[in-house]
Visitor: 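One structure follows; several queries about it will come next.
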Amino acid sequence: MAEPCVVVATMFAKPGQEELVEKTLRAAAPAVHAEPGCLRYALHRRIGEPGRFVMIEKWASKEALRAHGQSAALREVGAALGDALTGPAEVLVFDALPAGDPELGAL
């Protein structure tokens, strides 16, 4: 059975591009939510740092995550944000290590 994986993707908007980045990432969410294997795709912004966006994701398997990496939704985000970010997103992939209460100890 495939094991789920968790992703933390951090993006930094260039000054003045924060609204475009947020709007683009919010608009992509419904398409990503519909992708096979998407268990969570949730946008966040760091408090006090309006240009730092973090997407917390959970995928049913690494294969589902790989397919997401090739998806039309992600290509569209990349095209829309090409010059709006300070650089490429930092993408970290984690294996879940559930602990304690099943509802509280894992994403």
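Since the structure is predicted, the reported quantities are computational estimates derived from the model, not experimental observations.
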Visitor: So, do D95 and K62 sit near enough that their side-chain heavy atoms are less than 4.5 Å apart?
Guide: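 SC-SC contact between D95 and K62 confirmed.
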
Visitor: Determine, using the 4.5 Å side-chain heavy-atom cutoff (strictly less than), whether L39 and L65 are members of one ILVMFWY cluster.
Guide: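 Not linked; separate clusters.
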
Visitor: Determine, using the 4.5 Å side-chain heavy-atom cutoff (strictly less than), whether V91 and V32 are members of one ILVMFWY cluster.
Guide: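 Same hydrophobic cluster.
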
Visitor: Are side-chain heavy atoms of C38 and W59 found at a separation under 4.5 Å?
Guide: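 When only atoms from C-beta onward are counted, W59 and C38 do touch, with a gap below 4.5 Å.
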
Visitor: Membership question, hydrophobic clusters at under 4.5 Å side-chain separation (ILVMFWY): are F94 and L107 in the same one?
Guide: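 Same cluster: L107 reaches F94 through Ile, Leu, Val, Met, Phe, Trp or Tyr contacts under 4.5 Å.
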
Visitor: Tell me every residue that passes ring-ring contact (aromatic ring centres under 6.0 Å, His included) with F12, counting only those two or more places apart in sequence or in another chain.
Guide: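 Per chain and number, F12 pairs via ring-ring contact (aromatic ring centres under 6.0 Å, His included) with no residue.
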
Visitor: Is E22 salt-bridged to R26, cutoff N-O under 4.0 Å?
Guide: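 Yes, this pair counts.
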
Visitor: Would you check if R46 and V54 make a side-chain contact, meaning some heavy-atom pair closer than 4.5 Å?
Guide: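 Side chain of R46 against side chain of V54, heavy atoms only: no contact under 4.5 Å found.
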
Visitor: For D101, is the CG atom crowded, meaning more than 12 foreign heavy atoms sit under 6.0 Å from it?
Guide: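 Counting other residues, nucleotides and ligands, CG of D101 exceeds 12 neighbours.
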
Visitor: Under 3.5 Å, is there a donor-acceptor pair between the side chain of Q17 and the main chain of P15?
Guide: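 Pair absent, no side-chain N/O of Q17 close to backbone of P15.
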
Visitor: What's the shortest heavy-atom distance between A64 and G37, and which atoms?
Guide: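 Looking at all heavy atoms of both residues, the closest pair is CB-CA, 3.9 Å.
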
Visitor: Is there a side-chain contact between E57 and V6 in this structure, where contact means two heavy atoms from C-beta onward sitting under 4.5 Å apart?
Guide: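 Side chain of E57 against side chain of V6, heavy atoms only: no contact under 4.5 Å found.
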
Visitor: How far apart are the closest heavy atoms of E63 and A2, and which atoms are they?
Guide: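 Nearest pair, atom of E63 first, then A2: OE1-CB, 4.5 Å.
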
Visitor: Only distances under 3.5 Å count here; give the side-chain donor-acceptor pairs of residues 70-82 to other protein atoms, sequence neighbours excluded, each with its distance to 0.1 Å.
Guide:
| from | atom 1 | to | atom 2 | distance (Å) |
| --- | --- | --- | --- | --- |
| S71 | OG | E35 | OE2 | 3.2 |
| S71 | OG | H68 | O | 2.8 |
| S71 | OG | L74 | N | 3.2 |
| R75 | NH1 | Q70 | O | 2.4 |

Visitor: How far does CD1 of I56 sit from OG1 of T10, to the nearest 0.5 angstrom?
Guide: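 One gets 8.5 Å once the value is rounded to the nearest 0.5 Å.
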
Visitor: With a 4.5 Å cut-off on side-chain heavy atoms, are F53 and L25 touching?
Guide: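 Heavy-atom side-chain distance check passes, below 4.5 Å.
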
Visitor: Just to verify, what does K14 make a salt bridge (Lys or Arg N to Asp or Glu O under 4.0 Å) with, not counting sequence neighbours?
Guide: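 K14: no salt bridge (Lys or Arg N to Asp or Glu O under 4.0 Å) contacts found.
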
Visitor: Looking only at non-hydrogen atoms, find the nearest pair between A89 and M11 and report the distance.
Guide: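 Heavy-atom minimum between the residues: CB-CG, 3.5 Å.
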
Visitor: If you count the non-hydrogen atoms of other residues, nucleotides and ligands that lie under 6.0 Å from CD in E49, is the total more than 12?
Guide: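 Yes, because the 6.0 Å sphere around CD of E49 holds more than 12 heavy atoms from other groups.
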
Visitor: Does the side chain of L92 reach to within under 4.5 Å of the side chain of V7, using non-hydrogen atoms?
Guide: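 They are not in contact (no side-chain heavy atoms under 4.5 Å apart), so the answer is no.
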
Visitor: So how far is it from L43 CG to M55 CE, rounded to the nearest 0.5 Å?
Guide: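 So the CG of L43 and the CE of M55 are separated by 4.5 Å.
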
